[in-house]
S.K.: 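One structure, as structure tokens, below. Some questions next.
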2 protein chains.
Amino acid sequence: MAVTLADVAARAGVSSATVSRVLNGNYPVAGSTRERVQRAVEELDYVVNGQARALAAATSDLVGVLVNDVADPFFGVIASALQGEIGAGGAEPGGGKLAVVCNTGGSPEAELTYLTLLERQRAAGVVLTGGAVENDQHTGAVAARLARLAASGTRIVLCGRPPLSLPGDAGSVTTLAFDNRGGARRLTEHLLSLGHRRIGCVTGPVGRSTTRHRLEGHQAALAAHGMGPGTPGGIAAERLTVHGGYDRASGYDATLELLRRDPGLTAVVAANDTVALGVCAALRDRGLDVPGDVSVAGFDDLPFSVDASPALTTVRIPLQEAGARAGRVVMGRQQPPPGGLASIPTELMVRASTAPPAADRA
Amino acid sequence: MAVTLADVAARAGVSSATVSRVLNGNYPVAGSTRERVQRAVEELDYVVNGQARALAAATSDLVGVLVNDVADPFFGVIASALQGEIGAGGAEPGGGKLAVVCNTGGSPEAELTYLTLLERQRAAGVVLTGGAVENDQHTGAVAARLARLAASGTRIVLCGRPPLSLPGDAGSVTTLAFDNRGGARRLTEHLLSLGHRRIGCVTGPVGRSTTRHRLEGHQAALAAHGMGPGTPGGIAAERLTVHGGYDRASGYDATLELLRRDPGLTAVVAANDTVALGVCAALRDRGLDVPGDVSVAGFDDLPFSVDASPALTTVRIPLQEAGARAGRVVMGRQQPPPGGLASIPTELMVRASTAPPAADRA
DNA sequence: CTGTTAGCGCCTTCAA
DNA sequence: TTGAAGGCGCTAACAG
């Protein structure tokens, strides 16, 4: 079997308590004793049993990170930055915490299942990333679970999620919300100011907070230009909105559908950059030039977007910074924002994929 | 404090042993008793303490995944697929295992540190992904740690790593190696067969197995065309090789350097697709057309590569399949390949970024 | 400064 | 089929 504290203690001729104290360095120990213990540790290649330690000390070395899918750069970047902050890199005493990455695929059930699993592990913290499913029952279930976690000392951070009010006013939850609405609005305003009026919108999955916020921003910009709901232009705008997933194929398919509804549209805003690539591909396959015939804009400013050609106009979300901050907060190494809520600003990045509309094609 | 087994037992009017048996379902329990216990569990919202269970049963719910960086799609895709296999999605009894994702950043020290941390947690399995640092001392240190882990029952899988012989013939290690050499060779052969002779090579960091294998494949193709080391063409080829990181900036900078060394080169093979995007950007900034003036090829076939424009010629590695397989093997749900070693084939994907060379420019 | 003594919460023989 | 009891490996008072 594995070497235990007792083995080390025996070899060093001290009690196991002393070994524990040397290992944790949280209690005075004589220099000579310390050395003897350290030698014994090395000779025996001793490695503490984290589970036993966790049980005895009621601590945990784990931080859970819920993401839709780590393969999606949006979440990959957040997870990476977060892991960098909590991990062994930082000079954390004891080597930092381990990141448990959980792919929920956007499924409410998976989300709850993973929260239970993390509760089992008595995780030191949990970070929920990305938009939330907007369903009262599910929201309530998540809130209840988070409240229990928070009550038991687990730090909770919502990163890119709307704030959540926990029942029973349990321990605090920190929310780092992205300004999706503002970003989407500025993006559509950019297109409007270029002269576009027939703007297709390939938005995200229905029933999700991110989708709603970005769509609201888009519609707010339209409304400000007299193209709000109820107006003739507004009706057109609604006809030019298609929901889809966050993958390339969605963008491709949605674009074909949009072109069917209005062959003369001059711009498309996509749910995110990945979708925007699909939009561009579909337009190209239809013989349309970007941005000559149709302007295209994405969202998120994922790493590859600047290298697309044409380089993608998009809305930058500082994912890396947000992930790092979430990591620091969940480690208790940085003060939560006042009120537990911070709005992360987004920034319009105008690049080559948007331009003034050409003369009408249809 | 949290609800414990004893609380549930008291409420159900049974012993804690019985509750344990109901929970684990690995021992006969009378139907009525079982029901009473389950009711108590629900009423009390009981959640087992994973650490206590792990300590008592000498098991673990964790699987470690070492990656360079999850934000890099190469690793993100592997990690995602792996997590999907081991996670709560599968109908694993007990809800599957949790994936602990560790960003090593390619640092040998970080690698060892994380292996120690995972040993502390008595991880059920460890998957090491991506190339290895080729340094005898470090290789030995890793092998020693893995041997100890394997000896204590931890399943080890190397995914995209060269095989490793463990000292003391400890428990088996499964290796899923990518055929980087063959892929690189076929890629360069493709360029040669198009007529290219002045081929720049932006390869990966020095001292890493992946870099070496891809470079060997490249050089083997050249040698087969009489451009091996020692020949005049061979000398040119060596001058046209630049090492860099796996990021876009490396590709950009390396390309400027290559153009300085040979303004007339007609093709560039990049260390991977991300680097290839940087190469394309540099060429464009120099006023060169891809593939009109210079052909460019990547490696890995990352998700965005097909959407680059021009679409990237590259070598496909089935990362998702490999990650999923690694997950199944590390869970003991799939037989390891015979001999513990499988070579994952790679596939040349010819797309639009490569074409025959134009007439000489310089 | 160091040893002794209790548990942490659960699983698992051994008896009944 | 169930209960009682011991121990997994470590930490944290409490003495000394």
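Proteins get letters first, then strands, A, B, ... in listed order; numbering begins at 1 in each. Only a predicted model underlies this, so the values are computations on that prediction, with no experimental measurement involved.
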S.K.: Compute whether any side-chain donor of one residue and acceptor of the other, for R145(B) and T116(B), lie under 3.5 angstrom apart.
M.R.: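 There is such a pair between these side chains.
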S.K.: Under 4.0 Å from any atom of DNA chain C, heavy atoms only: list the residues of residues 22-33 of chain B that qualify, in numerical order.
M.R.: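 Per residue number, the list reads N24(B).
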S.K.: Does CG belonging to D136(B) count more than 12 external heavy atoms closer than 6.0 Å?
M.R.: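 Result for CG/D136(B): open.
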S.K.: Does T18(A) make a side-chain N or O approach to OP1 or OP2 of dG3(C) shorter than 4.0 Å?
M.R.: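 Checking T18(A) against dG3(C): at least one side-chain N or O falls below 4.0 Å of OP1 or OP2.
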S.K.: Of the nucleotides dG9(D), dG9(C), dT11(D), which one has an atom closest to the side chain of S16(A)?
M.R.: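 Shortest atom-to-atom distance from the side chain points to dT11(D).
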S.K.: Five pairs per end, C1' atoms only: what is the angle between the end axes of the helix from dC1(C)-dG16(D) to dA16(C)-dT1(D), to 10 degrees?
M.R.: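 About 30°, once rounded to a multiple of 10°.
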S.K.: Within the structure provided, determine whether R148(A) and V47(B) are in side-chain contact (heavy-atom separation under 4.5 Å).
M.R.: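 A side-chain contact under 4.5 Å exists here.
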S.K.: Rounded to the Å, how far apart are R53(A) CZ and dG9(C) C1'?
M.R.: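 Result: 18 Å.
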S.K.: Rounded to whole angstroms, how far apart are CG on N49(A) and C1' on dG9(D)?
M.R.: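 For the pair N49(A) CG and dG9(D) C1', the rounded distance is 6 Å.
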S.K.: Once you round it to whole Å, what is the distance between C1' of dG9(D) and CZ of R120(B)?
M.R.: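 Atom-to-atom, R120(B) to dG9(D), this comes out as 14 Å.
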S.K.: Please state how far atom CG in L55(B) lies from atom P in dT12(C), giving the value in whole angstrom units.
M.R.: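 In whole Å, dT12(C) P lies 12 Å from L55(B) CG.
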S.K.: Separation of D61(A) atom CG from dC10(D) atom P, in whole Å?
M.R.: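 Distance check: D61(A) CG to dC10(D) P gives 13 Å.
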S.K.: Looking at I78(B), V65(B), N103(B), V77(B), which hits side chain to side chain contact (heavy atoms under 4.5 Å, CB included) with V70(B)?
M.R.: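 The side chain to side chain contact (heavy atoms under 4.5 Å, CB included) with V70(B) is passed solely by N103(B) among I78(B), V65(B), N103(B), V77(B).
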S.K.: Looking only at side-chain N and O atoms, does S20(A) come under 4.0 Å of OP1 or OP2 in dT11(D)?
M.R.: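 Yes, such a contact exists.
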S.K.: Could you pull out all residues at least two apart from E35(B) that satisfy salt bridge (Lys or Arg N to Asp or Glu O under 4.0 Å)?
M.R.: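 E35(B): no salt bridge (Lys or Arg N to Asp or Glu O under 4.0 Å) contacts found.
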S.K.: With DNA chain C as reference, determine whether R36(A) or V48(B) sits nearer its 5' end, using the nearest nucleotide of each.
M.R.: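 Per heavy-atom nearest nucleotide, the more 5' residue is R36(A).
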S.K.: Kindly indicate whether the side chain of R122(A) and the base of dG9(C) share any N or O donor-acceptor pair separated by less than 3.5 Å?
M.R.: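 Donor-acceptor pair under 3.5 Å: no.
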S.K.: So, does T4(A) get its side chain near the phosphate of dG9(D), meaning an N or O under 4.0 Å from OP1 or OP2?
M.R.: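 T4(A) to dG9(D) OP1/OP2: no side-chain N or O under 4.0 Å.
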S.K.: If you count the non-hydrogen atoms of other residues, nucleotides and ligands that lie under 6.0 Å from CD in Q334(A), is the total more than 12?
M.R.: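 Yes.
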S.K.: What is the distance, to the nearest angstrom, from the CG atom on L5(A) to the C1' atom on dG9(D)?
M.R.: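 After rounding, the gap between these two atoms is 7 Å.
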S.K.: Specify the separation, in whole Å, of atom CZ of R21(B) and atom C1' of dT2(D).
M.R.: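 Rounded to whole Å, this separation is 6 Å.
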S.K.: What I'd like to find out is whether the side chain of L164(B) reaches to under 4.5 Å of the side chain of V173(B), using heavy atoms alone.
M.R.: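 The answer is no, as the side chains (C-beta and beyond) never meet within the 4.5 Å cut-off.
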S.K.: What's the closest nucleotide to the A17(B) side chain, out of dA4(D), dG9(D), dC11(C)?
M.R.: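 Of the candidates, dA4(D) comes closest.
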S.K.: Check this for me: Q38(B), atom CD, are more than 12 non-hydrogen atoms of other residues, nucleotides or ligands nearer than 6.0 Å?
M.R.: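 Counting other residues, nucleotides and ligands, CD of Q38(B) exceeds 12 neighbours.
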S.K.: Testing the 3.5 Å rule here: is there a donor-acceptor pair between the side chains of T104(A) and S107(A)?
M.R.: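 Absent: no donor and acceptor within the cut-off.
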S.K.: Could you give the CD-to-C1' distance, from E35(B) to dT1(D), as a whole number of Å?
M.R.: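 Going from E35(B) (CD) to dT1(D) (C1'), I get 16 Å.
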S.K.: Within the 4.5 Å heavy-atom criterion, are V3(B) and D45(B) side-chain neighbours or not?
M.R.: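 No, their side chains stay 4.5 Å or more apart.
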